[in-house]
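So that the names make sense, note that chain A is the first sequence line, chain B the second, and so on, each numbered from 1.
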Amino acid sequence: MSKETKALDRNSILEGKSPLALSIARLRRNKMAMVCFWILVIYSLTAILAGTNIFGLQDQALVFELQNRYQSMFGSLQYLFGTDTFGRNVLARAIMGTRISLFLGLTSGLIMIPIAIVIGAVAGYYGHFLDDLAVYIMSVIVAIPGMLIIMSLVQVMGRSFLIIAFAFAITGWVGLARVIRGAFFQAREFEYVLAARTLGANDFRIIFKHILPNIFHFVIVRFVLNFVSVIKSEVFLAYVGLSVIGIPSWGNMIVESKSELMAGNWQNMTAATIFMFVFLVSLNIFGDALRDALDPKLKNVS
Amino acid sequence: MENIAELYNLKKHFEIRAGILKRVVGHVKAVDGITFNIPKGKTLGLVGESGCGKTTVGRTIVGLYKPTEGEMFFDVSRENIDRMNDLQNRYNGFSDIKSPEAREVFAELEALRKANDIYRLSKGDLLKKRKELQMVFQDPYGSLNPRIPVGDIIGEGLDIHKLYKTKEERKGIIQNLMDITGIDPAYINRYAHEFSGGQRQRIGIARALSLNPKLIVLDEPVSALDVSIQVQILELLNKLKSDFNLTYMFIAHDLSVVEYFADNVAVMYLGKIVEIADRDSLYKDKLHPYTQALISAVPLPVPNSNRKRIMLEGDVPSPINPPSGCSFHPRCKYKMDICTRETPELKEVKPGHKCACWLHEKG
Amino acid sequence: MINYMIRRLLHLVPIILGVALIFFVIFNVIGGQEKFLYNVLPKKSRTVEQIDMYRHKYGLDRPMVVQYLDLVRQMVTFDFGRSEVRKIPVKTLIMRHVPNSAKLTFPAFFLEISISLILASICAYFRGSIFDRTITIFSVLGMSISMLVLILLGQQILAYQWGLFPISGWVKGFGAIRYLILPWILWVLVSVGYDIRFFRTALLEESHKDYVRTARAKGLDDKTIMFRHIMRNAMIPILTYVVIQIPFLLVGSILLERFFSIPGIGDLMVNAVFNYDLPVLKATIMFFTLFFVGFTLITDMLYAFVDPRVRLS
């Protein structure tokens with residue numbers, strides 16, 4: 001037993017601290033960021049939970065109970081935010097909205113990131129014609145306000161969940177691809193990349209083993225902050241009537257509340273705003289902390 | 001003397017593109033036609049100001065850059081070299097180069113060259129040759145990937161060329177390399193940022209050594225280090241050279257280090273070699289005005305010793321538009337009429353001492 | 001300089017062709033034309049013959065290449081025909097709506113940028129102070145709130161319940177300012193969060209550079225360093241950022257115009273999306289794109305003006 005502990009100790013001395021481990025340690029020292037991190041975890045669990053009908057969640061969110069209309073807020077925990085004009089539980093609707101928001105952010109991020117990495121890496125690493133082509137495509141997309149493309153695409157292709165996520169991804173990849181392209185362009189001449197090439201490493205190995213891991217922090221931070229822009233854009237889409245149909249989303253709830261406010265019914269507005277605000281604040285703070293913690297520029301300071 | 005590598009008329013021009021259509025508007029002539037040999041088992045020093053193309057030469061030799069023009073014969077058997085020289089002489093001897101015999105000789109010569117010129121090898125053959133051509137880089141901080149443990153950095157060449165059968169064998173090879181280069185093998189799982197500059201440079205040397213190379217290009221390997229550590233690294237390199245029968249090409253801008261370390265020295269100016277000789281000959285008998293100026297700029301251990309420092313006037317001209325004739329003429333105090341018009345060739349002035357300068361042109 | 005301007009203008013040609021291609025693919029290839037035909041036709045006359053007639057009228061039965069070139073021609077000449085919904089030439093419609101949008105967005109954007117630049121400079125100058133920290137916290141909070149929520153709250157509470165501003169409305173001429181004050185305030189509230197954070201970072205990054213240390217070492221006072229050195233050099237990232245914000249003007253103007261009944265171009269565009277008014281939609285898209293591209297052009301000139309290195313490249 002004691003022998004084992006000793007071996008472990010010796011190991012932990014000799015085991016180097018990778019830059020990633022150092023970054024995570026830095027992040028964990030940031031209390032504010034950790035609070036936000038756990039809030040984000042709770043949101044994620046909520047989103048997963050909202051996929052099941054646990055506690056009759058989906059029934060309460062979707063089924064009309066007209067005798068139960070406009071119950072006031074903060075009366076009970078179950079009806080924390082009261083009920084809406086059709087007697088549906090607003091808390092349950094906000095929870096389901098969490099699911100939509102998170103999954104829109106996740107899906108669009110997962111579509112966008114491979115596109116951005118491939119185009120950015122190819123353009124920056126190979127340069128020449130491929131780079132010219134990529135830069136051209138990017139400057140065309142950037143020349144059009146993103147919302148226009150999103151609105152037109154959703155209008156033409158339909159208001160389904162996947163199409164909305166796809167539309168977000170189509171306009172969202174450009175920013176990340178530009179950053180990746182620039183980073184690859186520089187990294188091509190880094191000495192450790194040249195060293196790998198002298199050893200005989202092929203392009204695949206250089207791109208995925210040597211360059212990408214060193215710029216992956218851009219991707220991660222962008223992935224986190226993508227949620228912010230997607231959630232805000234979803235509200236806008238809901239307003240122009242192009243968000244998901246038939247499912248409560250935060251945007252849909254806020255748009256519905258527009259007609260309710262004058263009559264003093266704040267249920268939808270309050271619930272959606274609180275849910276969204278806490279989530280976005282946490283994302284913004286955590287995203288910032290992540291950027292600072294992962295930034296390799298800080299590493300050599302020690 | 002046997003040569004590990006022979007370079008003929010090596011050129012590397014980088015294109016400059018501009019405008020919407022990305023037309024080529026000019027070339028940076030980083031390396032503009034150089035010919036030299038690297039003698040086996042020796043250290044060839046390559047010196048010059050920054051921007052003269054010495055790093056480009058090094059990188060072209062190890063195959064990081066594809067040359068615009070030129071040939072390099074690396075580790076070609078004696079027999080093939082002799083055969084090529086013989087064929088070349090016979091071909092030069094023909095009065096009518098269009099005669100069938102001349103064509104036959106030329107065809108055979110061309111076939112031999114193609115088979116041995118490293119820049120014309122097939123991908124697979126090149127990969128094999130590349131193992132024997134390695135490089136140590138200048139920046140001990142930038143040359144090691146910060147996200148990979150040093151054991152894997154050193155072992156990457158082994159992974160690429162699959163030079164081991166078991167994990168244990170791989171670890172053994174890596175730890176042996178660490179031991180040889182003076183790093184504690186216990187640190188195999190540590191990361192680059194946990195080492196000092198000198199130790200990192202040792203890791204870079206271990207990495208270059210991992211593939212059993214025959215020629216290592218050392219690109220200013222000590223210029224980023226403290227002087228005390230410079231000596232340690234140079235001694236390590238010397239020891240490794242004799243232990244593993246290595247040949248070095250040592251790129252530097254510090255002439256005192258070169259004097260200490262190199263057997264032969266080549267001086268580069270604006271993409272061309274202006275003087276090449278063995279060390280003693282070069283330091284004793286500086287033929288080219290540029291070499292004289294360079295050497296006079298080395299600080300002496302004894303100040304006030306009465307040596308005149310030759311000040312070079314003006315800046316290094318642009319390698320995009322090098323001056324006509326001898327590219328050194330705008331800064332040369334011995335400038336003659338011919339210097340502005342015609343480019344001097346690198347010619348043997350004394351046995352084993354070549355220089356490209358009209359001052360030393362016979363006749 | 002003129003040479004540089006001509007070169008920049010030539011860069012626009014392929015961009016316009018690309019923009020046309022994107023919307024051609026969305027509307028003419030993926031879909032849209034059928035729905036459009038459906039919408040412009042009254043319910044009674046949706047017969048096969050009628051649809052074919054309209055298809056012919058709009059040239060949708062021609063080969064794809066011809067349709068694409070026609071779109072490019074429309075974009076370049078800015079002649080999109082007549083709105084099928086409103087029965088007026090699109091050009092007139094656009095001309096009528098653009099000034100109203102300009103009245104809303106330009107003062108708002110100007111206010112936004114100047115307020116955030118001032119606040120950010122104070123933050124950077126007194127960094128670490130209570131003021132700095134308060135502003136930083138409020139910027140993160142501001143970044144996390146949806147514009148729609150803010151508009152709803154502003155209109156409901158400030159205008160409806162407290163009666164501080166008219167709820168909505170529009171008149172011609174200068175009287176419109178009455179209706180514009182609340183939208184401007186909301187605009188600034190939504191956008192300063194991002195701006196302040198970015199400007200503050202840009203200024204701080206600049207103030208860590210070597211030349212600032214040199215300036216301090218040679219005895220310049222903080223004010224001179226801030227205004228003479230840091231501000232001037234931070235202008236490049238700040239300008240870039242301002243240009244990047246311009247497409248977002250659209251989102252802001254759409255929401256504000258619709259909520260406060262401002263007959264602007266954003267309002268026009270959303271209606272076009274709803275009604276499938278393809279000619280108007282194309283025209284507004286083209287208008288926004290040209291607007292943005294034109295702005296990029298102006299900034300490039302400004303760059304060349306601010307940073308002499310740009311002119312040479």
So for [X], is it side chain, backbone, both, or neither that comes closer than 4.5 Å to the heavy atoms of chain A?
X        : value
C/Leu141 : both
C/Ile151 : neither
C/Ile157 : side chain
C/Phe291 : neither
C/Met269 : side chain

Any side-chain heavy-atom pair of [X] and [Y] under 4.5 Å:
X        : Y        : value
A/Trp266 : C/Gln156 : yes
C/Ile145 : A/Leu280 : no
A/Tyr239 : C/Arg258 : yes
A/Ile144 : C/Phe23  : yes
A/Met276 : C/Val149 : yes
A/Met269 : C/Leu153 : yes

How many angstroms lie between atom CG of A/Asn284 and atom CZ of C/Arg197, to the nearest 0.5 angstrom? 7.0 Å

Which portion of [X] sits near chain C, non-hydrogen atoms under 4.5 angstrom:
X        : answer
A/Lys232 : side chain
A/Val228 : side chain
A/Phe236 : side chain

